Amino acid sequence: MSLHLADLVALPELRLSVVAAPDRLDRPVEAAHVSELLRPGQWLQGGELLMTIGLLLPMTTQDCRAYVLDCAAAGASALVLGLGHDLPHQQAPAPLIAAAAEAGLPLLTVPDEVPFIAVTKAVFAAKAAEQHRALERAFDAQRRLTAAAASGRGLTATLEAWVDATGVGAAVTDLLGRPIASVGLESLDQFGPHGLPPRVTELVHKVAARGLRGSASSTAGSLGVEVQPLGANRLRGLLVLVGALAPDDRMPASGLVSLLSLELERRHLADEPERRRRSALLGRLLAEDVSAEHARDALAVAGLASDTVRTVAVEPVGGAATSTDVVAEMAADLALAVPGGLVRVRDGLVEAVVGEDLGLLDVLTRFAPGSPAGIGPAVPPEAATGSLRQARALVGVSRALGSPAEAREARSARLLLEFGDRRALRGYADALLGPLDSADPAGDLVRTLATWLDTGGSWDETSRRLAVHRHTARNRVDKAMRLTGRNLDDGDDRFDLWLATRIRQGLPASGA
C-alpha cells in the first residue's frame, strides 16, 4: 500500500495543516525534499513533498503562480510551507494559497515546533515500512507458489497460486503459442478458451523466436500483456501474464518463471517413454507392406484423424558431426510441436509424419532454423513410406538451396526448368522416357508412372486418380520399369524417373 498525503496529515506528531486543495490528499508521496529555489522543478523527479520557508519567493500573485506551476509541472505531490516566529511567514500568504488552489496542488503548513527533518524522517520511515510490507507480501506469494509447484498438481496449481496472490491472469503456452494451461483469463472477452487473441499470439511468437534471450510486453486492448520464456537450457514454453503487474509483483513473477521452467523440464524428462512409444508407432506406420487399415489404426492411436499425411526429414545443423544430444533434443521439440508426436531419429535425421494441414514450414522455422529439411508429398497414410523416401532425398536439395525443399513444389525440378537449358532438359527426359513413348503413343505408361511417383508409391491413390483398377496401375508401372531398365527400389533410378516426368510436365512439347 503506497504512502499518500492523507497518511502524513493523519500523523499527529507532524501537526500538518491543509490550506489548499484539501480534496487532493489521495496523491502518493515518493520522497521529501527541501528547496528555496524559485524554479525547483528541474531538480524534481515526481512524487516529492517539496518543503520551503519561502525565503526567496516574492509573495505576489504572478510570482506565486509561476512558482506553483513549475512545481506542479515537475510532478510534485504537494508543497509544505514552514511557519515560525523567526521565519519569513507566520501563516500561509494569500497569493500562495490562491495559486496552489488554482493549480490543484495541495499546500500544507508545518509549525515552528516541527522541523523539516521530522517530516523527512516520517516520509522515509513510512516508505521503508511500505517496502518491508511489499517484501513480506512477495515472500508470502513465493511460498505459496512453491507449495503449489510442489503439490504435484502441475502447471495449473502454480498458476492458480499466482492469480490468488496477484490478481494477474496467466497462461503457459507451447512453443507454437498454443495454450497448455491458463488461469484467470476465462472471464476476459478477448481471451477465449480455445486460444489467445492475434495480437497476443504475435507477441508470443516474437519472444519464441528469441529463445531464452528475452521477453516482451505490449497492450492488448486496455490490458497489459507480458511474455516470458520458460526453460533451462532450451526453450520449453512461454508464460503470458495479462493484467496490471504491480512493482511488488516483480519478485514473485521471477519465482513463477523459475517454478514453471522446472515443471516444463520435469515434463520433458517424464515424456521420454511416451516419445519412445510414439517413435515405435511411427515405425509401424512406415513398414513397407503396411495396409491402409493398419496405417489408419496407427494414426488413430496417435490421435490423428487425417485422410492425408505428409512427411518431413530434418538434418540438424552440423550434419554427421552433430551430437546425439542435439539430434535428440530436436526430435523431442518436434514431438511436442506436431500433433500426434510421430517423430523418430534414424541415420542422423529426424523424421516425422504429420497431418497435411499442419504448417510445416512454420514449424521448421521455429524448431529447426537453418537445418536442411525435405518435405514429402501429401499421401494416404499407407503411402507414408514413399513420401518419406522423397523427403529424405530432398534433404540434399535443401542443403544446397539453404531452405526446406518440398516435394509438392518440386523445387529441384523447378530450378532446372527455370534456369536449365531447355533443349538439354528435353533431351534428358526423352532419352529416359523414349521407350515408353514408343511402346505407348497414347501416353498411359508415362502418365501412370508420373502419378505413382507423385503419390509416393501408393497404388490405391494412383488408381483413384487415374480411375483405373489397382492391378492395371501396377501392371503399367511394371511394364514401364521393364522398358526403361530401371529399378524403383533404387533411389537414383526413382529420382531420375521422377525428374524426367516433371520435365515433361513443365516444358512445352518438342515442336513448341
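The basis for the numbers below is simple: all heavy atoms, side chains too, and nothing from hydrogens, waters or symmetry mates. All of these numbers come straight from a predicted model, not from anything done at the bench.
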For a 4.5 angstrom cut-off between non-hydrogen side-chain atoms, does [X] reach [Y]?
X: W162; Y: L239; value: no
X: P377; Y: Q390; value: yes
X: M251; Y: L135; value: yes
X: E48; Y: P40; value: no
X: E329; Y: N233; value: no
X: L342; Y: L299; value: yes
X: E102; Y: T61; value: no
X: V363; Y: L334; value: yes

What pair of heavy atoms forms the shortest contact from [X] to [Y], and how long is it?
X: L81; Y: P93; value: CD2-CD, 3.7 Å
X: G231; Y: L212; value: O-CD2, 3.9 Å
X: A149; Y: L259; value: CB-CD2, 4.0 Å

Can you tell me which residue among L360, L304, V309 is in a side-chain contact (heavy atoms from CB on, under 4.5 Å) with V354? L360
Among Q90, H89, E113, the one residue meeting side-chain contact (heavy atoms from CB on, under 4.5 Å) with L83: H89
Around atom [atom1] of [X], are there more than 12 heavy atoms from other residues, nucleotides or ligands closer than 6.0 Å?
X: D86; atom1: CG; result: no
X: E36; atom1: CD; result: yes
X: E13; atom1: CD; result: yes

Polar contact flag, side-chain donor to acceptor under 3.5 angstrom, S371-E315: no
For G104, is there any backbone N or O sitting under 3.5 Å from a side-chain donor or acceptor partner on R24? yes
Applying side-chain hydrogen bond (donor to acceptor under 3.5 Å, both in side chains), name anything that partners R143, two or more places apart in sequence or on another chain. none
Residues E274, R278; criterion salt bridge (charged side-chain N to carboxylate O under 4.0 Å, His left out); working and verdict: CA-CA 6 Å; E274 177 63 16; R278 290 182 180 263; 2.7 Å; yes
Can I get a per-line list of side-chain donor-acceptor pairs under 3.5 Å for residues 27-34, giving both atom names and the distance, sequence neighbours left out?
{"unit_1": "R27", "atom_1": "NH2", "unit_2": "A76", "atom_2": "O", "d": "3.3"}
{"unit_1": "E30", "atom_1": "OE1", "unit_2": "K127", "atom_2": "NZ", "d": "3.1"}

Indicate yes or no: does E130 engage R133 in a salt bridge with an N to O separation below 4.0 Å. no
